[in-house]
Each structure stands twice: as C-alpha cells, then as structure tokens.
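This report refers to the structure that appears directly beneath it.
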There are 2 protein chains.
Amino acid sequence: MPTQTNHFSKDYSPLFDYFDTFHRVSGEAKEALAAICSLSQIPKNKDLQSIGHTCRTIYFVKKGIARIYYYKDGTDITESFAFENSLIARVESLFTGKPSKKGIQVLEDSEFIGISSPLLFDLYDQFPDIERLFRKIFESAYVETVNRIESLQFHSAEERYHALTRESPDFLKRIPLKYIASYLGITQVSLSRIRAQR
Amino acid sequence: MPTQTNHFSKDYSPLFDYFDTFHRVSGEAKEALAAICSLSQIPKNKDLQSIGHTCRTIYFVKKGIARIYYYKDGTDITESFAFENSLIARVESLFTGKPSKKGIQVLEDSEFIGISSPLLFDLYDQFPDIERLFRKIFESAYVETVNRIESLQFHSAEERYHALTRESPDFLKRIPLKYIASYLGITQVSLSRIRAQR
DNA sequence: CGATTCCTTTTACAAATGTTAAATAATCAA
DNA sequence: TTGATTATTTAACATTTGTAAAAGGAATCG
C-alpha cells in the first residue's frame, strides 16, 4: 500500500482535474492547494458537517453522495445534493462566517477531499490565480442556483419531477424518494402521487 | 449645468460608496473602473435590456427600480427586483456568455450606472483588487439567492408574502402587485386572496 | 373633464397539494 | 431467516392555489 509522501498524491487528482475545467493554475499554486486539502471517509447516513457549526471546509465528493439539509418546523428539508466530482459547502455560512442552520449528511459510504476555507482565503493573497479559480467555481454555482429558482418559482411539482428524471436519472437511482420530495419542494405523498401519474 | 470633465464625477459616487462596503481598491483601480462606466436614464416601463440579448453590462441602480423578467407559457414572470444602491444583471447570461431569455425592465423613471462586463473582466488581469471586489459582490449575491431558494422551497405563499411586508415594505409601496405575485411564485388572484386574509 | 386603459379585487369552480393514518414493500441487523 | 425498522404507496379528506370571467378602482391621456 503506497504511503502519501507528497501533495501530488493520486488521491487528489480528481479534484485537480475538476479545477482544470474552470481555470488552470501554476504547479506552485497546485502544491499550495494540495497542502490545505485532506481526505475523509464518512459512512452512510452520518453527518459530514453538523447543524449549528460554521462552515470552514469546502468538500469535493470523490465517491458517494451528500446532501445539505435543515429542519423547518421539525420537518427534514433537503436543500441540495452533491454527487461525485462536485463541490459541496453551505455557502451562506462559508461567505458570511455565521453558524449554519444547515448540515451536510452523507447518503452512501463516501469519500471527500476537504479544503480548509480559512487557509484557502489566505492563499488568495499569495496566488491571484487561486482566487480566480474559485471565483469561477462559485460563479458557476451561482448560475446553477439562479436556474434552480426559475424551476421552483414557476414550474409545477410534476414539471420539476419530470425534469429531474430527464436531466438527472441518477438522482432517482441513488437517492431515497423522501429526500427528493423535499428537494422538489413537495411532500413525499405528493411525489408518490406524481409518480403514480394521475 | 456642470459638464463631466473626469471620471471622478460626483455622478458615480454612490457606486463607489457601494463598492467600498465590499472591498476598498486603490485610486488607480477606481479610475480604471470609472473609465468603463456610463450613465443612462430610462423612462418608466421601458426595457433596460431586452430578452434575447447577451448580458454585457452590469447595472447599478442610482435611482428608481428595475426588475428581471421572462415569459413562461406566455405569462410574465418577475425573477427579481433591484432598488436604489444595488446591482442588477442577468447573471446566467453574464457568466456563461449565452443570450438571456430574460429582460430587465424599469418600473419608475430611473437612472443607472452601467459597467461594461467585457471591459471589467479585462481589468481583472490588471487589478487583482478589482477581481476581488467583484468576487465579493457576487459571493454576496450568491448567498442571497441561496436564501431565496429556502423561501421558495418550503415557505407557503402566505409566509412569503408576510416575510416580504415585514422585511421589505418598500416593495409594496413602489411595485405593482401583479409583479410581486409572480416574484412570490403565485398568481395575482392568489395574492389578492392572501391580502384579504382569509 | 370624460374616456380609455390598466390594476386589483371578487366570485365560482377546478385542480393541485397538504395532512393524517393505514397498508405495503423494502431494508437491515441479529 | 426472522423480526424490526425504514421507505413508499395508498386512501380519504382538508386546504391551498389556479383559472376564467366579471366588476370595481385608479391612473393616464387627449
């Protein structure tokens, strides 16, 4: 079994491949980034980050699925999901420094690459290219969020469900329906009805 | 009537005050920013940017109100509003370079400071502080958008209406209800019912 | 001022979604 | 495997929201 002797360990390569799709940074910058990353394995159903704590780590999903969730009047609501090769973070806490009302839970046995956000923000001063990389990453996430508003604001639950089956069939294969229902903004019962099409 | 003899004209000061709340940049950077700004006055009900065109200008509202809107099955939907001292742009076009399905319409006689986005993005290379300034601005807008999802995803129309009257009474004073209804994700009739509380 | 247009409310009815509870189905652990 | 737990569906009924049409108000313009 190979030991991790340097920051260019193969373990981080999916993350750096992901970075490259947004903005290429120097080898020196990559080394600096790798130095603030760490691996973690989380078993199914456990929390990766718990409700009430401030977000200080941005996670890259190497394997598995995670969801951001919170409670509204005692009901569990899923805000979003993250599959392999994407980032997940509670941005409303990450960017404000306030404790988050949301948690991150893992839906399958999963592996993450965690990026320390305070250390990342420090790197911005040293490496403008790293700042640019994450600017682009979050701009892209912002655009996705704006598009999601459109979906929630004026598509019916049925339209949202069918869009999901069409665009992200993986969701239905790997995520329990109870989580998908609240993600779509409806109850489990309502989702069952839509699935039974009538 | 004073002529505009330099880029530090008082006309742009609300914008630069706004910038300062996010990140302070050098005098040189401010000069560079001012050079890519321009003023425009738009009369009530006119479009500031029309549907189908790619977003190449970020607008700061100096005076008045604007809304981003689009048509869904022939129905006019308001995605968002911008009041004085805030920025407005169709980010899904701004950051992707694709034509926008949305337009920006002005709801009162209004004055804007337009910032050319291609020129702005060029300035990022020259002035990392300008890149940082806009990174922070859009991070903050991103957070607002995430919070809005929460509202649309699991608050009832009545809760959303009351949150609006509580947090943004200006909306009700200055914006026709027909626009507020679609912003809340409901019909005008439904909004009337909620207002009549029963 | 009057006429027109646009905005908002109201009414009646239809459709969608929520709530509660119970019945199945699937999963998990001993 | 069995039994227990969890997930999903179904049913019945309540509530919310949508649709279409009409009426009342407010604003605008000649």
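Each chain gets a letter, A, B and so on, in the order the sequences are listed, and its residues count up from 1. Worth saying up front: this structure is predicted, and the values here are computed from it rather than measured.
Map Gln188(B) and Lys44(B) each onto its nearest nucleotide of DNA chain D; the residue landing nearer the 5' end is Gln188(B). Comparing Ser190(B) and Tyr179(B), the nucleotide of DNA chain C nearest to each residue sits closer to the 5' end for Tyr179(B).
The phosphate of dT10(D) has neither OP1 nor OP2 within less than 4.0 Å of any side-chain N or O from Ser192(A). Look at Arg193(B) and you won't find any side-chain N or O under 4.0 angstrom from OP1 or OP2 of dT10(C). Side-chain nitrogen and oxygen atoms of Thr187(A) include none within less than 4.0 Å of the OP1 or OP2 phosphate oxygen of dT17(C).
Counting only N and O atoms by type, the side chains of Arg195(A) and Tyr161(A) include a donor and acceptor under 3.5 Å apart.
Following rounding to the nearest Å, Leu172(B) (CG) and dC7(C) (C1') show an atom-to-atom distance of 15 Å. Between the P atom of dC6(C) and the CG atom of Leu177(B) lies a distance of 17 Å, rounded to the nearest Å. The NE2 atom of His155(A) sits 17 Å away from the C1' atom of dG18(D) (whole-angstrom rounding). Ile186(B) places its CD1 atom 12 Å from the P atom of dT19(D), with the value rounded to the nearest Å. Look at CD1 on Ile194(B): it is 15 Å from C1' on dT10(C), rounded to the nearest Å. For the pair Leu107(A) CG and dT6(D) C1', the interatomic distance rounds to 15 Å; values are reported in whole Å. Going from atom CG of Leu191(A) over to atom C1' of dG18(C) covers 14 Å, rounded to whole Å. Atom CD1 of Ile175(A) and atom P of dT6(D) are 20 Å apart (whole Å).
We find that Arg132(A) and Asp125(B) are joined by a salt bridge, their nearest charged nitrogen and carboxylate oxygen being less than 4.0 Å apart.
Axis angle between the ends of the helix from dC1(C)-dG30(D) to dA30(C)-dT1(D), five pairs each and rounded to 10 degrees, works out to 50°.
Within the cation-pi definition used here (under 6.0 Å to the ring centroid, within 45° of the axis), Arg67(A) does not qualify as a partner of Tyr183(A).
Ring orientation note: the planes of Phe19(A) and Phe16(A) are nearly perpendicular, at an angle over 60° on the 30°/60° scale. Using bins of under 30°, 30° to 60° and over 60° for the plane-to-plane angle, the ring pair Phe83(B)/Phe171(B) lands in the tilted bin. A parallel orientation is assigned to the rings of Phe95(B) and Phe121(B), their planes being inclined by less than 30° (bins at 30° and 60°).
In this structure, Gly103(A) and Arg90(A) approach most closely via the heavy-atom pair CA-NH1, 4.1 Å.
The side chain of Lys178(A) sits closest to dT6(D) out of dT17(C), dT6(D), dT10(C).
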